[in-house]
Q: 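Quick one: structure below, then a few questions.
Just the heavy atoms: all of them, side chains too, but no hydrogens, waters or symmetry mates, feed the values below. Source: prediction; values computed, not measured. Chain letters run A, B, ... following the sequence lines, proteins first, then strands; residues in each count from 1.
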Amino acid sequence: MNNFITNIINNDINNGLDIKKIKFRFPPEPNGVLHLGHIKALYINFYLAKKYNAKINLRFEDTNPINIKYKYINNIINNLKWLNFKYNNITYVSDYFNILYKLAKILIIKKKAYIQIFKNNKLYNINNIEHNLHIFHNMKYGKYNKNYILKAKINNINTNNYYINNPIMYRIINYKHFRTKYNWNIFPTYDWSHGQSDYIENITHSLCSTEFIIHKNIYNWYLNNIYNKNFNKILPKQIEFSRLNINNTITSKRKINILIKKKIINNLCDPRLLTINSFIKKGYSNKYLIDFIKVIGYSKRNNNININLLNNIIKNNLIKKSIKLMVIIKPFKIIIKNFKNNYIKWIYLKEYNKIIPFTKYIYIEKKDFKIKNYNNFYRLCINNYVRLKYSYIIKIDNITKNNNNYNIYCSIYNNNKINKNNIKSTIQWISNKYYLKIKIILYDYIFINNNKIYNKKIKILNAYSNIIIENIKINKIYQFHRIGFFYFYKYINKIYYFKKIILFNNKNNLY
RNA sequence: AGACUUGUGGUGUAAAGGUAGCACCUCAGAUUUUGGUUCUGAUAGUUAAGGUUCGAAUCCUUACAAGUCUGCCA
């Protein structure tokens with residue numbers, strides 16, 4: 001894999017960076033679950049770590065006690081385990097609160113940081129160093145209300161953007177932190193803590209998404225003002241790449257939460273979401289997702305990837321290994337003339353070492369039958385030979401009509417006597433006596449029409465399967481012959497429930 | 001509105017001043033006990049204009065377009 005990131009690192013090596021010192025980090029905030037976009041960020045870091053034989057830290061960005069929740073830490077660790085991304089250390093920004101506090105005091109002494117107070121609808125800046133230190137100390141011990149903040153004094157950056165010019169380093173938050181408890185009343189902001197954490201951990205290349213480009217000046221300003229030659233440390237370098245955008249769905253935590261509030265989705269495991277938890281629940285292998293990430297690559301430009309690319313990769317992976325079931329959604333009865341009423345022919349399926357029953361009356365899918373052939377209809381109609389999957393070649397002999405019901409009489413034909421070119425279709429079937437009741441849950445992408453309109457449709461269909469299902473496991477993925485891929489997720493009242501993963505091409509109006 | 005970033009076939013991504021390549025999509029043919037898969041092939045591209053250069057997707061200028069940011073979130 002070659003991209004602008006490897007180019008930058010190779011340049012750094014050519015310019016004297018010791019290859020042994022290269023180190024990366026993955027810094028999630030434990031405020032939600034990981035999704036496909038995180039896999040993109042993870043993969044580049046772990047790919048580079050492998051390429052340069054470098055170390056990599058999993059760093060939890062727990063700077064804001066209000067946002068973070070302990071349960072997400074375990075979830076992230078388990079997700080990484082499932083993805084088989086092996087990091088060297090787990091670190092927490094909260095471990096650096098003491099160091100960050102000391103560094104902030106150094107900036108105050110250097111007159112690079114100052115306290116700002118909001119009082120009587122006015123902002124007051126403190127100039128005196130001793131006074132600043134005194135207030136900062138008292139802020140730490142909770143002696144002030146939220147109107148006190150510590151700001152960095154960056155006046156050199158050529159911008160009229162006030163936020164960028166005077167970023168906040170510390171704000172007062174009176175909230176229990178899950179690790180430091182009530183020890184701190186002030187918490188560092190992302191801007192202040194992130195670059196410093198990279199520096200403390202000896203990270204050489206700090207990869208993030210392009211929305212942080214505007215913060216790069218702050219990142220570098222802090223580092224340059226903290227950098228101490230005596231420590232013999234390398235200044236980390238922020239490199240940005242564009243975040244993952246996929247049409248017809250979303251990944252952003254904020255937008256997912258809106259959908260949950262609007263009750264369009266129930267939870268973070270909803271199969272329509274691209275969260276790692278949903279992938280695990282759907283029985284995916286991590287390989288499918290990494291294959292996808294490898295294909296889409298990395299750049300700085302805005303992108304919009306068609307979700308079918310992901311679906312194709314999943315489909316091509318599944319096609320090799322999933323068990324095939326014959327499933328009928330809308331049964332249509334046909335009669336085999338050659339068979340006697342109670343005769344059962346057991347057909348042996350070598351692939352699965354199982355037998356399935358074939359009887360006089362069988363059901364095929366309603367859409368697999370038409371009386372007359374038009375528009376190149378390959379399936380069952382007058383004059384068409386059709387192969388029933390795993391069993392006989394049939395053709396319609398005659399059709400009778402009672403009321404509104406057709407009776408379709410078919411004859412079995414010898415495999416060897418029919419020209420192969422005349423059999424254009426192999427369709428699924430079930431015996432009218434032996435089958436399993438199943439339910440299929442179908443849903444569409446969350447968004448239609450370029451991510452602007454919600455798609456709430458969820459269909460639950462009754463269907464029938466041949467009886468090959470045994471030792472069925474939750475989360476196991478099955479292929480429904482000619483329909484698509486589904487995963488089994490529950491068994492209630494003698495009914496097996498399956499949820500959609502991917503449907504096969506539907507343009508010929510199969511279903 | 002400003003600041004910043006980015007513009008390569010329909011989509012995604014390579015080419016670090018020297019042959020515009022790869023993958024997906026689409027289309028066609030072959031294979032096929034899935035109208036699936038697989039295989040072969042075809043179509044199609046450097047946002048625009050100017051400049052530097054023997055030579056520009058690449059460097060410079062201008063225009064245009066898209067995205068991000070303008071949070072005491074990260």
Side-chain angles (χ1 to χ4, degrees), chain A residues 1-4 6-8 10-11 14 27-32 61-64 66-68 93 116 118 146-151 157-165 167-173 186-191 193-194 208-217 240 242-247 253-254 292 294-313 315-316 318-320 324 326 368 376-379 386-393 415 420 423-428 479-485 502-510:
Chain A
M1 187 164 68
N2 247 356
N3 55 43
F4 76 102
T6 55
N7 288 345
I8 290 172
N10 288 336
N11 270 345
N14 291 336
E29 186 189 20
N31 71 338
E61 299 263 319
D62 56 348
T63 53
N64 189 335
I66 296 171
N67 288 350
I68 57 183
V93 176
Q116 187 176 72
F118 181 71
K146 290 176 185 173
N147 294 339
Y148 289 68
I149 51 176
L150 183 72
K151 295 187 100 176
I157 293 174
N158 183 22
T159 173
N160 54 8
N161 184 330
Y162 188 75
Y163 163 70
I164 295 298
N165 221 339
I168 291 164
M169 295 173 69
Y170 278 96
R171 72 284 207 206
I172 292 171
I173 299 175
I186 52 171
F187 289 90
T189 56
Y190 164 86
D191 279 322
S193 69
H194 194 85
C208 60
S209 53
T210 48
E211 65 214 83
F212 291 101
I213 283 179
I214 201 151
H215 299 250
K216 197 173 191 167
N217 284 332
E240 313 85 6
S242 62
R243 51 167 288 150
L244 177 71
N245 295 306
I246 298 189
N247 61 12
K253 288 175 199 164
R254 191 176 55 82
F292 171 73
K294 279 183 191 167
V295 165
I296 60 166
Y298 294 84
S299 73
K300 277 182 113 151
R301 81 191 69 147
N302 190 35
N303 59 68
N304 193 13
I305 292 163
N306 192 323
I307 197 162
N308 286 326
L309 184 58
L310 175 62
N311 289 343
N312 278 343
I313 286 167
K315 183 163 68 179
N316 292 350
L318 287 176
I319 207 128
K320 294 167 200 159
K324 286 173 211 136
M326 293 196 288
D368 285 342
N376 289 329
F377 187 74
Y378 296 163
R379 291 158 262 164
V386 163
R387 176 176 272 117
L388 296 172
K389 177 76 179 169
Y390 302 125
S391 58
Y392 303 103
I393 294 163
N415 212 338
K420 263 193 171 183
I423 311 162
K424 288 197 169 173
S425 175
T426 301
I427 63 173
Q428 65 269 44
Q479 183 186 153
F480 292 177
H481 192 241
R482 293 169 66 229
I483 300 174
F485 294 100
I502 290 159
L503 298 182
F504 288 137
N505 246 343
N506 207 14
K507 53 185 171 182
N508 291 299
N509 195 23
L510 221 56

Q: Would you mind classifying the nucleic acid contact of Ser209(A) as base, sugar-phosphate or nothing, using non-hydrogen atoms under 4.0 angstrom?
A: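 The residue Ser209(A) makes no contact with any strand.
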
Q: Once hydrogens and angles are ignored, does a donor-acceptor distance under 3.5 Å link the base of rG67(B) to the side chain of Arg301(A)?
A: no

Q: When you check the phosphate oxygens OP1 and OP2 of rC72(B), does a side-chain N or O of Asn64(A) lie under 4.0 Å from one of them?
A: no

Q: Return the 5'-most residue of the pair Ser242(A), Ile8(A) with respect to RNA chain B, ranking by each residue's nearest nucleotide.
A: Ser242(A)

Q: Please report the closest heavy-atom contact between Ile173(A) and Asn64(A), naming both atoms and the distance.
A: CD1-OD1, 3.9 Å

Q: Distance check, C1' atoms only: rA3(B) and rG18(B), in whole angstrom units.
A: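 These two C1' atoms come out 37 Å apart once rounded.
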
Q: Find the distance Met326(A):CE to rG36(B):C1' and express it as a whole number of Å.
A: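 The distance from CE of Met326(A) to C1' of rG36(B) comes to 16 Å, rounded to the nearest Å.
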
Q: I'd like to know if Gln428(A) reaches the base of rU34(B) with its side chain, counting only an N/O donor and acceptor under 3.5 Å.
A: no

Q: Rounded to the Å, how far apart are Asn311(A) CG and rU37(B) C1'?
A: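 Those two atoms, CG and C1', are 16 Å apart.
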
Q: What interatomic distance, in whole Å, is found between P of rU68(B) and the corresponding atom of rG12(B)?
A: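 rG12(B) and rU68(B) have their P atoms separated by 15 Å.
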
Q: Using the C1' atoms only, state how far rA74(B) lies from rU11(B), rounded to an integer number of Å.
A: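 Pairwise C1' distance, rU11(B) against rA74(B), rounds to 30 Å.
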
Q: Looking at the side chain of Asn303(A), which of rC24(B), rA14(B), rG12(B) is the nearest nucleotide?
A: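 Comparing rC24(B), rA14(B), rG12(B) against the side chain of Asn303(A), the answer is rG12(B).
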
Q: May Phe504(A) be described as stacking on the base of rG35(B), applying a 5.5 Å centroid limit and a 30° limit on plane angle?
A: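 Here Phe504(A) fails the 5.5 Å or the 30° condition.
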
Q: Measuring from Ile427(A):CD1 to Arg379(A):CZ, what's the distance to the nearest 0.5 Å?
A: 8.5 Å

Q: Report which part of the nucleic acid Asn11(A) touches: base, sugar-phosphate, or nothing (heavy-atom distance under 4.0 Å, all strands).
A: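 Touches a base.
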
Q: Enter the distance from Met326(A):CE to Ile483(A):CD1 here, rounded to the nearest 0.5 Å.
A: 11.5 Å

Q: Give me the distance, rounded to whole Å, that separates rG21(B) from rA42(B) when you measure between the P atoms they each carry.
A: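 To the nearest whole Å, 12 Å.
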
Q: Quickly work out the Gln116(A) CD to rG71(B) P distance and round it to whole Å.
A: 13 Å

Q: Please report the closest heavy-atom contact between Val93(A) and Asp62(A), naming both atoms and the distance.
A: N-OD1, 3.2 Å

Q: Of all the nucleotides listed (rG67(B), rC25(B), rG35(B)), which has the minimum atom distance to the side chain of Phe377(A)?
A: rG35(B)

Q: Distance check, C1' atoms only: rA30(B) and rA23(B), in whole angstrom units.
A: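 That atom pair is separated by 22 Å.
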
Q: Among rU34(B), rC25(B), rA16(B), find the nucleotide with the atom closest to the side chain of Asn10(A).
A: rA16(B)

Q: Assess the pair Phe504(A) and Phe485(A): is the distance between their ring centroids shorter than 6.0 Å?
A: yes

Q: Is there a side-chain contact between Gln428(A) and Phe480(A), using heavy atoms and a 4.5 Å cut-off?
A: no

Q: Classify Lys146(A) by what it touches in the nucleic acid, base, sugar-phosphate, or nothing, heavy-atom distance under 4.0 Å.
A: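 If one applies the 4.0 Å heavy-atom cut-off, Lys146(A) turns out to touch a base.
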
Q: Watson-Crick or G-U wobble partner for rA3(B), using a 3.5 Å limit on both distances?
A: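 The base-pairing partner of rA3(B), which may sit in any strand shown, is rU68(B).
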
Q: Whole-Å distance between rG35(B) C1' and Tyr378(A) OH?
A: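 The answer, rounded to whole Å, is 7 Å.
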
Q: To the nearest angstrom, how far is Asn2(A) atom CG from rC22(B) atom P?
A: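 The distance from CG of Asn2(A) to P of rC22(B) comes to 16 Å, rounded to the nearest Å.
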
Q: Rounded to whole angstroms, how far apart are NE2 on His215(A) and C1' on rU5(B)?
A: 13 Å

Q: Please pick, from rG12(B), rU33(B), rU6(B), the nucleotide with the shortest atom-to-atom distance to any side-chain atom of Lys300(A).
A: rU6(B)

Q: For nucleotides rU47(B) and rA20(B), find the distance between their P atoms and express it as a whole number of Å.
A: 16 Å

Q: So, does Ser299(A) get its side chain near the phosphate of rU13(B), meaning an N or O under 4.0 Å from OP1 or OP2?
A: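 Checking Ser299(A) against rU13(B): at least one side-chain N or O falls below 4.0 Å of OP1 or OP2.
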
Q: Across all strands shown, which nucleotide pairs with rA48(B) by Watson-Crick or G-U wobble geometry, both distances under 3.5 Å?
A: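 Per the H-bond distance test, rU62(B).
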
Q: In terms of side-chain heavy atoms of Lys315(A), which of rG12(B), rU34(B), rU37(B) is nearest?
A: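 So the nucleotide nearest the side chain must be rU37(B).
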
Q: Among rA74(B), rA14(B), rU33(B), which nucleotide has an atom closest to any side-chain atom of Arg387(A)?
A: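 For the Arg387(A) side chain, the nearest candidate turns out to be rU33(B).
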
Q: Looking only at side-chain atoms of Phe212(A), point me to the closest of rU8(B), rA16(B), rA74(B).
A: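 Comparing rU8(B), rA16(B), rA74(B) against the side chain of Phe212(A), the answer is rA74(B).
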
Q: Within the pair Asn316(A) and rU38(B), is there a side-chain N or O less than 4.0 Å away from OP1 or OP2?
A: yes

Q: Using side chain to side chain contact (heavy atoms under 4.5 Å, CB included), reason through His481(A) and Tyr390(A) one step at a time and then give a plain yes or no.
A: CA-CA 11 Å; His481(A) 192 241; Tyr390(A) 302 125; over 6 Å; no

Q: According to the Watson-Crick and G-U wobble definitions, with both distances under 3.5 Å, which nucleotide is paired to rG55(B)?
A: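 Base-paired to nothing in any strand shown.
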
Q: Using the P atoms only, state how far rA57(B) lies from rA48(B), rounded to an integer number of Å.
A: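 Between the two P atoms, the distance is 11 Å.
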
Q: Can you check the distance between rC54(B) and rU6(B), where both ends of the measurement are the C1' atom (answer in whole Å)?
A: 31 Å

Q: CG/Asn376(A) to NZ/Lys424(A) distance, rounded to the nearest 0.5 angstrom?
A: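 It comes to 6.5 Å.
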
Q: Over all strands shown, is Lys294(A) touching base, sugar-phosphate only, or nothing at heavy-atom distances under 4.0 angstrom?
A: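 Nothing, no heavy atom under 4.0 Å.
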
Q: Look at the side chain of Ile319(A) and decide which nucleotide, out of rU5(B), rG35(B), rG36(B), has an atom nearest to it.
A: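 Closest nucleotide to the Ile319(A) side chain: rG36(B).
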
Q: So what does Gln479(A) touch, heavy atoms closer than 4.0 Å: a base, only the sugar-phosphate, or nothing?
A: base

Q: Can you tell me the pairing partner of rU38(B) across any strand shown, Watson-Crick or G-U wobble, with both distances under 3.5 angstrom?
A: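 Its partner is rA30(B).
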
Q: Identify whether any heavy atom of Tyr390(A) sits under 4.0 Å from a base atom; if not, whether one sits that close to sugar-phosphate; answer base, sugar-phosphate or nothing.
A: base

Q: Pick the nucleotide of RNA chain B nearest each of Asn308(A) and Asn67(A); which residue has the one closer to the 5' end?
A: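 Nearer the 5' end of the strand: Asn308(A).
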
Q: Nearest whole Å is fine: how far is rU38(B) P from Ile313(A) CD1?
A: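 Answer to the nearest Å: 12 Å.
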
Q: For the CG atom of Asn67(A) and the CD atom of Glu61(A), what is their distance to the nearest 0.5 Å?
A: 12.0 Å

Q: Across all strands shown, which nucleotide pairs with rG9(B) by Watson-Crick or G-U wobble geometry, both distances under 3.5 Å?
A: none

Q: Below 4.0 angstrom from OP1 or OP2 of rU33(B), is there any side-chain N or O of Lys420(A)?
A: yes

Q: Choose from rG35(B), rA16(B), rG12(B) the nucleotide whose nearest atom is closest to any side-chain atom of Asn7(A).
A: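 Nearest to the side-chain atoms of Asn7(A), counting from C-beta on, is rA16(B).
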
Q: Using whole Å, report how far OH of Tyr148(A) lies from C1' of rC72(B).
A: 15 Å

Q: Side chain of Ile296(A) only, please: which of rG35(B), rC72(B), rG12(B) is the nearest?
A: rG12(B)

